[in-house]
Structures are given as C-alpha cells and as structure tokens.
Amino acid sequence: MHPSVVTRFAPSPTGFLHIGGGRTALFNWLYAKRHGGKMLLRIEDTDRERSTPEAIEAIIDGLKWLGLTWDGEPIHQFARAARHAEVARDLVARGHAYFCYATQEELTEMREKARAEGKPMRYDGRWRDRDPATAPPGVKPVIRLRAPVEGETMIEDMVQGKVTWSNSDLDDLVLLRSDGTPTYMLAVVADDHDMGVTHIIRGDDHLTNAARQTQIYQACGWPAPNMAHIPLIHGPDGAKLSKRHGALGVEAYRAMGYLPAALRNYLVRLGWSHGDQEVFSTEEMVQFFDLKNVGRSAARFDFAKLSNLNGIYMRQADDRALLAAIEEMLAHVEGGEATLKALQGEGRTRLLAMMPGLKERAKTLVELMDGARFLFAKRPLTLDEKAAALLDDDGRKRLAEVVAALEAVSDWSVASTEAAVRALSESTGAKLGQLAQPLRAALTGQATSPGIFDVLAVLGREESLGRLRDQL
RNA sequence: GUCCCGUUCGUCUAGAGGCCUAGGACACCAGCCUUUCACGUUGGCAGCACGGGUUCGAAUCCCGUACGGGACGCCA
C-alpha cells in the first residue's frame with residue numbers, strides 16, 4: 001500500500017462526459033478513497049481547436065451528478081504550456097530530444113511508404129543526428145524525443161501485467177509542436193510528474209501511449225507512476241462505444257431517470273468484481289475496490305441490468321429523496337417544466353403519498369412518473385385501450401355497484417374503502433378482481449396501477465367518486 | 001498492414017491445477033403469491049472459442065489457430 005495515493009481523472013473537453021469516462025473517473029475516485037488518497041481533476045485542453053468551455057462545464061456537471069468529487073481546483077493543462085515547453089527544451093539541452101524540420105509532406109510520404117511496405121508508420125529519424133545549422137529557412141521545427149532504438153520498453157501494469165514493446169517499433173514522437181505548444185504525450189508526463197500523481201488509471205486505449213510516455217519519463221529522469229489500464233466499455237454490438245452506438249453523456253442517463261447511485265453500482269461491476277456481490281453501497285465499494293480484481297476484457301453495456309439495479313435502488317430509496325431526484329431529472333428533461341409545475345401543492349402531496357406504491361412498479365424515474373400520470377390528470381379521464389376494454393357493459397355494471405357501495409363510505413380511507421368493496425364482493429359473489437379492475441380503469445385510465453385502495457385514498461372521496469361517475 | 005490486449009451461459013461476472021456434475025446476477029420461460037402490474041419466491045433454459053502440449057489431474061499453465069478489440073497524428 002502506498003503511503004499517499006494520488007490519482008487523477010484527465011478528460012479532454014471535446015464533448016460530454018461519456019459513460020466510459022464516467023467509469024474511469026469512478027475507478028480513480030474509488031482507488032483514491034480506498035487508500036485515503038486524493039483524486040485530482042485535470043482538463044486536457046491542449047487541443048485549442050476542439051476544447052470548449054461548454055464541454056468543461058458538461059464534464060464537471062456530469063462528475064458532480066455522479067457524486068464523484070476531486071481534490072483541489074481543476075487543473076487546466078493548457079495553462080501549463082510554458083512549463084511543458086521548458087521540459088522539452090531541457091530535454092534538447094541534455095541530448096534526449098532534438099529539433100526536427102521535416103514538413104507535413106515528408107511525413108505523409110513516410111507514412112505512405114511504410115504502409116506500402118507493410119511496416120508500422122514511424123518517423124524515420126532524418127533529423128535525429130542532423131546538424132540544425134542545415135535547417136531549411138522558414139520552417140519552424142518541432143521537438144522530437146530521441147527515443148532508444150534498441151532494446152525494449154516495458155511497463156508493469158497493475159491490470160494488464162507486464163507488457164513489453166520492442167523499441168524498434170516505437171519512433172521519435174513529437175513533444176513540442178512547431179507553434180511551441182506541447183503535445184499530449186509531453187503534457188501528460190510533465191503534469192503527472194509535477195502533480196505528484198502516483199497512480200494513472202485510464203482506459204486501455206492508452207496502453208500503447210504508456211510505452212511512449214515511459215520513454216519520456218526515462219529521458220526526463222523521473223520515476224514513472226504506477227499504471228492501470230482498464231478495459232473499455234463496448235456498445236451492445238461489441239464495437240467500440242461511439243456516438244452512433246449510443247455513447248451517451250452521463251447527463252443522458254439522468255434524463256432517462258437513472259439514479260446516480262445505481263449508475264455507479266452498475267459501472268463498478270463492469271470489469272470489477274468482489275466475489276458474487278452485485279449490490280454495493282458506496283461505502284462498500286470504497287472498502288472493497290481493488291485493481292487486482294479488475295478484469296482485462298472489454299464489457300458490453302447492458303441497459304437491462306442497469307434498469308434492474310436502478311429498480312432496486314429506487315425501491316430502497318426514501319420517498320422524499322426520490323421526489324428530489326425526480327425534480328432534478330425533470331429540470332434536465334425536455335418538457336419537464338410542465339410536470340415540475342404539476343408538482344406544486346396538491347400534486348406534490350399526492351405524488352409523495354403514492355410514492356411507496358409507485359416506486360415498487362418502476363425501474364426508472366421516467367417510468368415512475370409515467371405510472372403517476374393519473375394523479376395529475378383532469379376529469380374526465382381519457383382511458384387507454386386496456387382500460388377501455390375493462391369498462392365494457394359488464395364492467396360498467398359492476399362499477400355502478402361499486403360506486404353505490406363507496407358512496408355509503410363516509411370516513412374515506414384505505415381500510416374503509418377496501419372493507420366496502422370486499423363486502424360487496426361477498427354479497428354479490430363477484431371476485432375481488434372483477435370489481436377492482438373496472439375500478440382501476442375508471443380511476444386511473446389504465447389497467448395497471450398501485451394498489452387500488454391506496455389510489456382511492458390518495459385521490460380522496462370527492463375526486464374518486466367523480467372519476468367513477470364519469471364512466472357510468 | 002504492424003504492434004499490443006483479450007476470448008467462461010444472450011449480457012455482466014465467480015473461478016489463481018483437484019472443492020467444477022463450472023457458481024452468482026441480469027434477461028428469458030414456467031409455477032407460487034395476488035385486486036392489476038410490479039415486488040417477492042420456487043424451478044428451468046443456457047457457457048469454459050478451437051487444436052495441440054505439460055500434468056496422475058486443466059476453465060485454470062505453455063504453444064499455435066480463429067475471432068474480437070485497441071493503438072499506430074505537429075488529437076487527446
């Protein structure tokens with residue numbers, strides 16, 4: 001165990017926080033918490049063309065919603081450009097890097113030639129040992145790493161194990177662009193070093209980068225942090241998660257009515273396991289999380305399992321907390337304002353009262369609100385197909401009997417209405433279901449709902465009887 | 001194409017040579033419970049990619065094949 005663990009989540013602000021990034025953040029957060037360390041947040045915005053303030057905001061918003069916190073202020077990588085350039089120049093001064101004047105055309109040529117020969121694309125090192133005095137006029141150079149040409153580069157990855165590359169497969173990468181800005185490779189190494197990062201936990205799409213970054217660490221004379229390359233999350237079709245495959249931002253999951261705790265639980269089990277345990281409180285996750293139990297193969301995203309977990313979390317949730325989550329969801333969903341408005345006053349009271357019955361029957365907050373629609377509906381209700389079928393001639397006849405029985409009830413409650421309907425069932429010989437279903441249809445406009453006597457109680461005597469008479 | 005990584009039920013996974021007649025969860029199917037739907041509960045279906053080794057013994061170790069994925073930028 002390390003005395004003080006420092007992890008970091010380092011997204012590039014070119015879009016929202018997608019689900020894979022969310023899991024990477026979660027793993028970093030858990031690992032830091034588990035070891036009593038810190039998780040830093042670094043915005044990798046050195047790509048000035050594609051980085052946007054909106055994306056930064058979306059990422060931060062996403063992390064907050066997911067309940068993942070970081071220590072200190074977010075670090076903006078671009079702000080450290082001067083430091084990066086300094087590291088690059090120092091490397092040149094010490095002979096570990098050099099100026100390269102090759103043009104884009106020359107590079108393209110090299111790439112095509114390599115492809116034609118079936119070799120990996122690599123810069124041929126034409127400026128590696130050339131005298132900068134022979135540089136063509138007017139060409140601004142880049143700084144490239146003078147990478148070792150012989151031997152191997154090896155990393156001891158905490159998830160992938162020992163991984164080695166032949167140095168002959170790795171070329172002299174660019175550290176500093178011709179405009180003086182750092183490349184990702186340089187910036188990452190310099191920042192992780194300067195920030196005191198002890199553990200780099202990131203997607204395994206960075207595995208090959210790890211080799212090149214290791215070479216930079218070596219050139220700088222810095223010890224490389226521990227690394228853990230976690231497998232990616234794939235779409236349902238097994239291919240890389242892309243926008244086309246529904247690589248949604250975490251805020252999309254909020255809008256779909258998932259609870260952050262459920263999403264965290266789902267995400268942590270993608271690639272990580274603790275025996276047969278499926279449901280983890282946040283405390284348990286922190287207590288048990290370990291890189292040792294992270295697998296090496298990619299996982300597919302499965303909405304069915306997420307929904308199942310979400311249902312479990314919803315059923316366990318406190319009614320008021322659920323209401324708060326619903327309001328947060330509505331604030332982020334199109335057309336949510338209208339429902340939000342309906343949740344003032346009476347509507348709010350009704351929803352809260354009906355919550356135990358509703359949360360039992362929904363897997364997402366959206367489903368829950370769908371099932372709650374009848375609470376806000378105005379008379380006369382429009383019936384859906386199944387409800388209409390329940391109120392055929394026979395159904396209406398029974399409904400009339402039920403109405404008569406209920407009209408006799410004065411102290412309106414779950415118990416009293418149930419007693420009245422049960423008594424009717426006994427005296428007429430009708431099964432309870434034969435009375436309850438028409439009742440449900442008339443009261444809710446649907447064939448399914450929470451317990452019908454609960455509905456009666458929540459709606460109240462006047463509204464209930466009104467809705468029933470509307471259907472006679 | 002080159003390099004790297006992977007492959008246990010449809011999906012997520014347990015499994016560190018005998019405890020495996022391969023376990024759990026989701027999904028699916030059937031039964032029970034029941035005023036509907038859910039919940040709960042009982043049972044069922046279903047998997048070690050393939051081929052060679054090593055070993056008394058392999059899902060577990062080694063090699064190969066196939067398939068999948070990732071990376072090959074003056075993007076991150």
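Below, chains carry the letters A, B, ... as their sequence lines are ordered, and counting in each starts from 1.
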Next on the checklist: Side-chain N or O of A:Asn308 versus OP1/OP2 of B:A27: is the shortest distance under 4.0 Å?
Outcome noted: yes
Item to check | Proximal nucleotide (of B:U35, B:C26, B:G73) relative to the A:Lys305 side chain | outcome: B:C26
Checklist entry - Is the distance from OP1 or OP2 of B:C37 to the nearest side-chain N or O of A:Ser449 less than 4.0 Å? => result no
Checklist entry - With distance as the sole criterion, is a donor-acceptor pair present between the side chains of A:Arg212 and A:Gln215 under 3.5 Å? => result no
Next on the checklist: Does anything in residues 44-55 of chain A form a salt bridge (Lys or Arg N to Asp or Glu O under 4.0 Å)? List the pairs, not counting sequence neighbours.
Outcome noted: A:Arg42-A:Glu44, A:Asp45-A:Arg48, A:Asp47-A:Arg50
Next on the checklist: If the condition is side-chain contact (heavy atoms from CB on, under 4.5 Å), which residues does A:Asp370 pass it with, not counting sequence neighbours?
Outcome noted: A:Arg373
Checklist entry - Distance check: side-chain N/O of A:Arg144 vs OP1/OP2 of B:C74, anything under 4.0 Å? => result yes
Next on the checklist: What's the closest nucleotide to the side chain of A:Ser297 if the choices are B:C75, B:G6, B:U35?
Outcome noted: B:G6
Checklist entry - Quick one: is B:A76 close enough that its OP1 or OP2 comes under 4.0 Å of any side-chain N or O from A:Arg202? => result no
Checklist entry - Which value, in whole Å, describes the distance between the C1' atoms of nucleotides B:A27 and B:U13? => result 15 Å
Checklist entry - Which residue pairs pass the salt bridge (Lys or Arg N to Asp or Glu O under 4.0 Å) test when at least one of the two sits in residues 147-158 of chain A, sequence neighbours left out? => result none
Checklist entry - The side chain of A:Arg296 lies closest to which of these nucleotides: B:G6, B:U35, B:G24? => result B:G6
Checklist entry - Taking the side chain of A:Asn209 as its heavy atoms from C-beta onward, which of B:C5, B:A76, B:U13 lies nearest to it? => result B:A76
Under-3.5 Å N/O pairs linking protein and nucleotides 18-22 of chain B:
none

Item to check | Any-strand Watson-Crick or G-U partner of B:A16, both distances under 3.5 Å | outcome: none
Item to check | Aromatic ring proximity A:Tyr184/A:His206, centre distance under 6.0 Å | outcome: yes
Checklist outcome for this item: Which of B:C12, B:A76, B:A14 is nearest the side chain of A:Asp47? It is B:A76
Checklist entry - Once you round it to whole Å, what is the distance between P of B:A76 and CG of A:Leu176? => result 12 Å
Checklist entry - Taking atom types as modelled, is there a side-chain donor on A:Thr181 or A:Arg177 under 3.5 Å from an acceptor on the other? => result yes
Checklist entry - Rounded to the nearest Å, what distance is computed from the NE2 atom of residue A:His274 to the C1' atom of nucleotide B:G24? => result 14 Å
Next on the checklist: Give me the distance, rounded to whole Å, that separates B:C32 from B:A38 when you measure between the C1' atoms they each carry.
Outcome noted: 15 Å
Next on the checklist: What's the separation between atom CG in A:Leu175 and atom CE in A:Met185, rounded to the nearest 0.5 Å?
Outcome noted: 10.0 Å
Item to check | P atoms of B:G51 and B:C56, separation to the nearest Å | outcome: 23 Å
Next on the checklist: Counting only heavy atoms and a strict 4.0 angstrom limit, can you tell me which residues of residues 428-443 of chain A come near RNA chain B?
Outcome noted: A:Leu432, A:Gly433, A:Ala436, A:Gln437, A:Arg440
Checklist entry - When rounded to the nearest Å, what value does the distance between P atoms of B:G64 and B:C45 take? => result 38 Å
Checklist entry - Just how far, in rounded Å, is P of B:U13 from CG of A:Asp290? => result 16 Å
Checklist entry - Hey, does the side chain of A:Ser273 come within less than 4.0 Å of B:A14's phosphate (OP1/OP2), counting only N and O? => result yes
Item to check | C1' atoms of B:C48 and B:G23, separation to the nearest Å | outcome: 13 Å
Checklist entry - Where the side chain of A:Arg50 is concerned, which of B:C75, B:U11, B:C74 is the nearest nucleotide? => result B:C75
Item to check | Residue matched to B:G10 through Watson-Crick or wobble contacts both under 3.5 angstrom | outcome: B:C26
Checklist outcome for this item: Winner on side-chain proximity to A:Arg422, out of B:U35, B:U13, B:C3, is B:U35
Item to check | Qualifying salt bridge (Lys or Arg N to Asp or Glu O under 4.0 Å) pairs with a residue from residues 268-281 of chain A, counting only residues at least two apart or across chains | outcome: A:Arg269-A:Glu278, A:Glu278-A:Lys305
Next on the checklist: Checking contacts here: which listed nucleotide (B:C74, B:A38, B:A76) is nearest the side-chain heavy atoms of A:Glu44?
Outcome noted: B:A76
Checklist outcome for this item: Testing B:A76, B:A27, B:C12 for proximity to the side chain of A:Ala304, the answer is B:A27
Next on the checklist: Ring-plane angle category for A:Tyr266 and A:Phe301, please: parallel below 30°, perpendicular beyond 60°, tilted otherwise.
Outcome noted: perpendicular
Next on the checklist: Tell me the closest heavy-atom pair linking A:Gly203 and A:His229, and the distance in Å.
Outcome noted: O-CD2, 3.6 Å
Checklist entry - Between B:U8 and B:A30, how far is it from one P atom to the other, in whole Å? => result 29 Å
Checklist entry - Between A:Arg89 and A:Glu86, is the closest basic N to carboxylate O distance under 4.0 Å? => result no
Item to check | Under 4.0 Å protein heavy-atom contacts per nucleotide of nucleotides 40-49 of chain B, with B for base, S for backbone only and - for none | outcome: S---------
Item to check | Residue A:Asp205, side-chain heavy atoms: nucleotide from B:G24, B:C12, B:A71 that is nearest | outcome: B:A71
Checklist entry - Do A:Asn167 and A:Thr153 have side-chain atoms, one donor and one acceptor, less than 3.5 Å apart? => result yes
Item to check | Non-neighbouring partners of A:Val149 that pass side-chain contact (heavy atoms from CB on, under 4.5 Å), sequence neighbours left out | outcome: A:Arg128
Checklist outcome for this item: Those residues at least two apart in sequence (or on a different chain) that pass side-chain contact (heavy atoms from CB on, under 4.5 Å) with A:Asp454 are A:Met354, A:Val414
Checklist entry - At under 4.0 Å, does any side-chain N or O of A:Lys363 touch on OP1 or OP2 of B:C39? => result yes
Checklist entry - Can we say A:Arg126 and A:Asp124 salt-bridge, meaning some charged N sits less than 4.0 Å from an Asp/Glu carboxylate O? => result yes
Pairwise N/O distances under 3.5 Å, protein to nucleotides 59-69 of chain B:
| residue | atom | partner | partner atom | Å |
| --- | --- | --- | --- | --- |
| B:G69 | O2' | A:His234 | NE2 | 3.3 |

Item to check | Sidechain N-carboxylate O distance under 4.0 Å for A:Arg467, A:Glu463 | outcome: yes
Checklist entry - Starting at CZ of A:Arg398 and ending at C1' of B:U36, how long is that distance when rounded to a whole Å? => result 16 Å
Item to check | Check: A:Gln277 side chain, B:G24 base, donor-acceptor under 3.5 Å | outcome: no
Checklist entry - With both distances kept under 3.5 Å, what pairs with B:G73, Watson-Crick or G-U wobble? => result none
Checklist entry - In Watson-Crick or G-U wobble terms, both distances under 3.5 Å, what is the partner of B:U35? => result none
Next on the checklist: Give me the distance, rounded to whole Å, that separates B:C67 from B:A25 when you measure between the C1' atoms they each carry.
Outcome noted: 27 Å
Next on the checklist: Test of understanding: with side-chain contact (heavy atoms from CB on, under 4.5 Å), list the residues that count as partners of A:Gln277, not counting sequence neighbours.
Outcome noted: A:His274, A:Phe280, A:Glu284, A:Phe288
Checklist entry - Mind checking the C1' distance from B:G18 to B:G43? Whole angstroms is fine. => result 31 Å
Next on the checklist: Both distances below 3.5 Å, Watson-Crick or wobble geometry, any strand: find the nucleotide opposite B:A49.
Outcome noted: B:U65
Checklist outcome for this item: Across all chains, not counting sequence neighbours, the salt bridge (charged side-chain N to carboxylate O under 4.0 Å, His left out) partners of A:Arg8 are A:Asp192
Checklist entry - Does B:A59 have a Watson-Crick or wobble partner in any strand here, with both distances under 3.5 angstrom, and which is it? => result none
